[in-house]
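Here's the structure we're looking at; comments come further down.
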Amino acid sequence: MKNKIIAAALAAITAVSLAGCGNELSNEYVIVKQYKGLEVPQTEAPDEVTDEEIEQTIQANLQASAEKNPVTDRAAEPGDWVNIDYVGTVDGVAFDGGTAQAQDLQLGSGAYIGANGDYEGFEDQIVGHKAGEEFDITVQFPENYSPDMAGKVADFHIVLNEISVENIPELTDEWVLANSEGAETVDEYKEEIRSQIEENNDMQIESTMTEAVWGVLMENVEIKKYPEDAVEKHIEQTKEQYTQMAELYGTTLEDMITTQFMMTVEEFDEMLRESAQEAAAFDEAVKLIADKEKLNLSDEQYEEKIAQYAEEYGFEAAEYKEQIGEERLKSTILRETVMGYLIDECVQVEQSSAE
């Protein structure tokens, strides 16, 4: 996805003065009391990949490549895919997030509002209608929905554009040749899937370790004051990311905050600021550790890493730097480098059942 922003990308590097000695570092913003030998819970090795896991993954891949064939000679049934336009109103007034066009929906998936009170579910009321029909349905939002819509009864005008059925292909050598990264037979494909699952498991272990080390490090970081310029930059970048996410879902950031995050805009802004402050403090700790342990990369090393990122997300390196920002990418790479060092230096401690 061209506009995908690396979640770990953070603010620009500011000049710092290194003070202290031993395993304690400080500048005008933070004191890093300890960073070597951080104790974290022992990470268990992943379980061996089972045949059942492989089969589940293959079935999901087969379904993802399924073809949809239009249905014109009957009404919609549970399991069918439909394409719909809809306009939702409460007491005759359209509400935010209640209008959409050309939405694909599998009837019976439970993706839309279910049965509640005296009202059938959204999807249930589409069953029995034919392609080309326009009709009205009434639903009741659940009590745990967004504060603005919880428990309310809403009318939806539906335009049923198309009905289709999904034909899931069989797993054959021919399908493998057309869909695999390198396998040519079913048996080879199963081994390919096994390797992918193992790689994903390893990535989860790495992610768990990273999160654990990060948490323990921040417990050992004393904050003197926050670098306000960096905090504001973090807020701006994160809000930009959420805004782009909302656009991908065809909504606004404000609507996404209230309907999906179930919070007010003020609560969201407060959460964003707290997160930005923590991230900015972490950046200061990262820079201190990088300077102390000589972990800063050369320009050539940064370019190599940026090229790897670009390839992963389908960019040319120059285009990627322009899209994300070279300074922002370098900050992300420095974070990864320092975290890798801290993980290598940490001590895994076996936890008791109580812990």
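Between K287 and E284 there is a salt bridge, since a side-chain N of the basic residue sits under 4.0 Å from a carboxylate O of the acidic one. Look at K305 and E300 and you find no salt bridge, because none of the NZ, NE, NH1 or NH2 atoms lies under 4.0 Å from a carboxylate O. Between R194 and D51 a salt bridge is recorded (basic side-chain N to carboxylate O distance below 4.0 Å). Salt-bridge annotation for R74 and D80: present, with a side-chain N of the basic residue lying under 4.0 Å from a carboxylate O of the acidic one. Note on R273 versus E232: salt bridge recorded, some NZ/NE/NH1/NH2 to OD/OE distance being below 4.0 Å. A salt bridge does not link E236 with K239: every distance from a Lys NZ or Arg NE/NH1/NH2 to an Asp or Glu carboxylate oxygen is 4.0 Å or more. A salt bridge is absent between E219 and K33: the closest approach of a Lys/Arg side-chain nitrogen to an acidic carboxylate oxygen does not fall below 4.0 angstrom.
At least one side-chain heavy atom of W175 sits under 4.5 Å from a side-chain heavy atom of L171. Y302 places a side-chain heavy atom less than 4.5 Å from the side chain of L334. When side chains are defined from C-beta on, V165 does not count as touching K68, because their heavy atoms never get closer than 4.5 Å. The shortest side-chain heavy-atom distance between N69 and S164 does not fall under the 4.5 Å cut-off. F282 is not listed as a side-chain neighbour of V221, based on a closest heavy-atom distance of 4.5 Å or more.
Remark: E322 CD is loosely packed, at most 12 non-hydrogen atoms of other residues, nucleotides or ligands lying under 6.0 Å away. Around CG of D118, the count of heavy atoms belonging to other residues, nucleotides or ligands within 6.0 Å does not exceed 12. A 6.0 Å sphere centred on CD of E166 holds more than 12 heavy atoms belonging to other residues, nucleotides or ligands. Other residues, nucleotides and ligands contribute only 12 or fewer heavy atoms inside 6.0 Å of the CD atom of E254.
In this structure, a donor-acceptor pair under 3.5 Å is present between the side chains of Q59 and E55. If you check the side chains of Q103 and N83, you find no donor sitting under 3.5 Å from an acceptor. No side-chain N or O of D85 forms a donor-acceptor pair with one of H157 less than 3.5 Å apart.
Checking side-chain atoms of E192 against main-chain N and O of G182 turns up a donor-acceptor pair under 3.5 Å.
F95 and F156 have perpendicular rings, their planes meeting at more than 60° on a 0 to 90° scale where under 30° would count as parallel.
Checked against a 6.0 Å centroid threshold, the rings of F261 and Y242 count as neighbours. Between Y309 and F315, the ring center distance fails the sub-6.0 Å criterion.
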Quick one, I343 with Y341, criterion side-chain contact (heavy atoms from CB on, under 4.5 Å). Give me CA distance, side-chain angles, the key distance, then yes/no. CA-CA 5 Å; I343 289 172; Y341 171 82; over 6 Å; no

Decide yes or no on side-chain hydrogen bond (donor to acceptor under 3.5 Å, both in side chains) for Q125 and Y119, but give the supporting numbers first. CA-CA 10 Å; Q125 297 181 65; Y119 301 92; over 6 Å; no

The test is salt bridge (charged side-chain N to carboxylate O under 4.0 Å, His left out); show your working for D91 and K152 and say whether it passes. CA-CA 10 Å; D91 296 329; K152 289 187 176 180; over 6 Å; no

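Judged by the 6.0 Å and 45° rule, K224 forms no cation-pi pair with Y29.
Taking every heavy atom of both residues into account, H129 and L160 meet most closely at O-CD2, 3.5 Å.
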